[in-house]
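As structure tokens, the structure follows; a few thoughts come after it.
Atoms considered below: every heavy atom in the structure, side chains included; atoms not considered: hydrogens, waters and symmetry mates. Treat the numbers as computed from the prediction; the structure is a model and nothing was measured. Count residues from 1 along the sequence.
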Amino acid sequence: MLDLLWLGINEIFQFHILIVIFLGVIAGILAGVIPGFTVTMAIVLTLPLTFGMEPVTGIAAMIGVLVGGMSGGLITAALLGIPGTPSAVATTFDAYPMARKGQPGKALSIGIWASFLSSIVSLFLLISIAPQIANLALMFGPWEMFSLIVAALTIIASVTGESILKGLIAGLFGLLIATVGADPIAGISRFSFDSQTLRAGIPFLVVLIGMFAISRLLNSVERSELEKDLQQKQEDKIQGIKFVLKPKETFMTVIRKPVNLIRSSAIGAIIGAIPGAGGSIANIIAYDQSKKWSKESEKFGTGHEEGVVASEAGNNSTVGGDLIPTIALGIPGSAVTAVLLSALMVHGINPGPLLITNEPNIVGGIFLAFLVASFFMLITQFLGIRLFVRVTEVPARILVPVILVLCVIGTFVLNNRVTDLYLLFIIGIIGYFFTKYKFALAPIIIGVILGPIAEVNLRRAFMSDPDWTLFLSRPISLAFLILAVLSIVFTIWQTRKAKAKN
């Protein structure tokens with residue numbers, strides 16, 4: 001671990017990389033401030049900008065955007081009652097009432113400190129756990145890897161969206177997209193329908209940008225969501241945004257009850273490590289558990305300090321947790337880390353259990369970039385809040401075209417192919433209909449990323465030994481398959497229980 005951290009220090013503590021991380025944090029915060037503009041969209045738009053960078057520099061930039069974006073949703077959640085990102089929903093429960101009671105600065109300060117301290121906690125867990133998981137994963141054969149990916153796909157389907165069936169359909173659609181193009185073993189063209197465009201396959205980055213950016217823009221145009229947000233902001237706008245930040249006082253407020261902070265951070269890190277769960281779930285669960293264990297539970301929802309700490313610690317600590325399966329196993333914990341894996345692959349680095357062994361400088365760089373980005377987030381939030389708030393006033397008629405142009409440029413520079421733009425808009429329209437009918441998009445992206453890995457390992461397993469019972473007779477493989485079944489069964493039971501209560 002000391003070697004990894006030392007390599008990280010050598011990689012990250014260079015002036016140009018520190019500047020890139022700092023700019024990434026600012027971009028992430030701005031993305032988090034804009035309602036409707038998710039952290040995933042910000043990461044996707046950042047990715048093309050990193051193609052000309054060194055791998056460590058590019059990954060560090062996206063880590064900066066991720067850390068900044070997770071904390072940026074706090075600003076509008078506290079001041080306007082509008083979560084800037086889905087992971088800041090529970091933050092509105094107490095931060096906004098606190099702001100309305102004349103303490104907007106206190107709400108923001110508590111949220112910023114909770115975000116920073118929880119990030120440090122999750123980083124400690126990441127550094128401690130990820131290498132151990134990676135060492136265990138080195139014993140995996142193709143049978144274990146295939147079963148692990150099956151378990152990951154079922155967990156994704158069960159924790160995203162309103163319906164387990166819709167989650168599974170979305171995941172299978174992602175797997176279908178992954179099969180288009182050349183066979184990974186034999187190189188034979190599949191599902192291309194004699195189309196030159198499809199013969200090369202559908203690039204996963206085109207799917208990412210189309211599903212998350214284009215579909216969201218189409219929804220925004222149809223529903224005028226951003227314009228409605230703007231109107232609501234003008235109605236709820238705090239007069240002159242006059243608030244006083246007191247970092248020292250609010251720091252003592254946060255650490256005065258360390259159990260709440262550590263519990264919420266641990267919940268966020270654990271949920272972040274579950275593929276597909278993400279900050280929005282951690283945000284709600286951390287808040288709920290804090291309320292259940294608090295001696296002042298009746299104060300929650302009225303502007304209570306513990307509620308702000310729990311919600312912000314819960315969502316920001318998912319970053320470290322999210323990176324655990326990403327670094328240790330090469331399995332993205334969310335759509336955001338799927339983009340990080342995509343960046344590694346673009347730079348010719350193969351993610352997986354051997355990443356720590358083969359590319360220790362990259363892993364050490366990720367650890368240190370996360371730490372540096374957390375400190376930059378703390379400083380930037382306290383110094384720039386008044387400026388960041390003004391971004392919420394940008395009208396949709398300006399915002400939507402700018403984002404659309406960035407999406408088109410980012411897609412074209414990937415392979416310099418005009419046909420990728422056609423695929424981009426087709427995928428975007430498909431994503432629009434998926435969101436319209438309330439299908440989760442994350443399982444699609446994870447299916448596209450994990451599909452080829454699952455196929456390669458399945459075929460390697462049968463090439464090594466055609467006996468399919470090895471998937472059940474090998475203990476680790478069997479454990480993952482049981483976990484997959486339990487995940488689906490538990491979700492079905494939980495859904496029926498919730499319907500029975502209603």
N/O donor-acceptor pair under 3.5 Å between Thr179 side chain and Leu176 backbone: yes

Point-to-point distance, once rounded to the nearest 0.5 Å, from CG of Asn361 to CG of Leu368: 12.0 Å

Check: Ile59 and Val56 side chains under 4.5 Å, non-hydrogen atoms: no

Considering all heavy atoms, the nearest Val408-Phe425 contact: CG2-CZ, 3.9 Å

Residue pair Thr469 / Asp467: nearest heavy atoms and the distance that separates them: OG1-OD1, 2.6 Å

No-hydrogen, no-angle side-chain donor-acceptor test under 3.5 Å, Glu312 and Ser115: yes

Atom of Gly64, atom of Ala373 and distance for their closest heavy-atom approach: CA-CB, 4.0 Å

Distance in Å, Leu424 CG paired with Thr419 OG1, rounded so as to fall on 0.5 Å steps: 11.5 Å

Note: Asp183-Arg459 ion pair, threshold 4.0 Å (strictly below): yes

Donor-acceptor under 3.5 Å (Thr57 side chain, Met53 main chain): no

Val150 and Phe480: CA distance, side-chain angles, deciding distance, side-chain contact (heavy atoms from CB on, under 4.5 Å) verdict: CA-CA 8 Å; Val150 169; Phe480 284 131; over 6 Å; no

Separation of Ser71 OG from Asn316 CG (nearest 0.5 Å): 6.0 Å

Nearest-0.5 Å distance that lies between atom OG in Ser374 and atom CE in Met70: 11.5 Å

Donor-acceptor pair, side chain of Lys438 and main chain of Lys166, under 3.5 angstrom: no

Phe471 vs Leu481, side-chain contact (heavy atoms from CB on, under 4.5 Å): CA-CA, chis, key distance, verdict: CA-CA 8 Å; Phe471 289 100; Leu481 292 176; 4.3 Å; yes

Pairwise side-chain contact, Phe124 with Ser128, heavy-atom cut-off 4.5 Å (strictly under): yes

Check: Trp143 and Asn457 side chains under 4.5 Å, non-hydrogen atoms: no

Any donor-acceptor N or O pair under 3.5 Å, side chains Ser122, Ser317: no

Interatomic spacing from CD1 in Ile63 to OG1 in Thr46 - rounded to 0.5 Å: 11.5 Å

Val65/Val25 under side-chain contact (heavy atoms from CB on, under 4.5 Å): CA gap, chis, key distance, verdict: CA-CA 5 Å; Val65 173; Val25 169; over 6 Å; no

Validation row: Phe93, Ser311 side chains within 4.5 angstrom (heavy atoms): no

Any side-chain heavy-atom pair of Ile75 and Ile29 under 4.5 Å: yes

Carboxylate-amine/guanidinium proximity below 4.0 Å for Glu144 and Arg460: no

Closest non-hydrogen atom pair between Ala61 and Val20, with its separation: CB-CG1, 3.3 Å

Spacing of Ser265 atom OG and Leu125 atom CG [to the nearest 0.5 Å]: 8.5 Å

Min side-chain heavy-atom separation Ile12-Ile21 under 4.5 Å: yes

Non-hydrogen side-chain atoms of Tyr287 and Ser264 separated by less than 4.5 Å: no

Mutual orientation of the aromatic rings belonging to Phe439 and Phe434 [parallel < 30°, tilted 30-60°, perpendicular > 60°]: perpendicular

Close side-chain approach of Asn315 and Leu74, heavy atoms under 4.5 Å: no

Worked check of side-chain contact (heavy atoms from CB on, under 4.5 Å) between Leu198 and Leu423: CA-CA 9 Å; Leu198 295 178; Leu423 292 174; 4.0 Å; yes

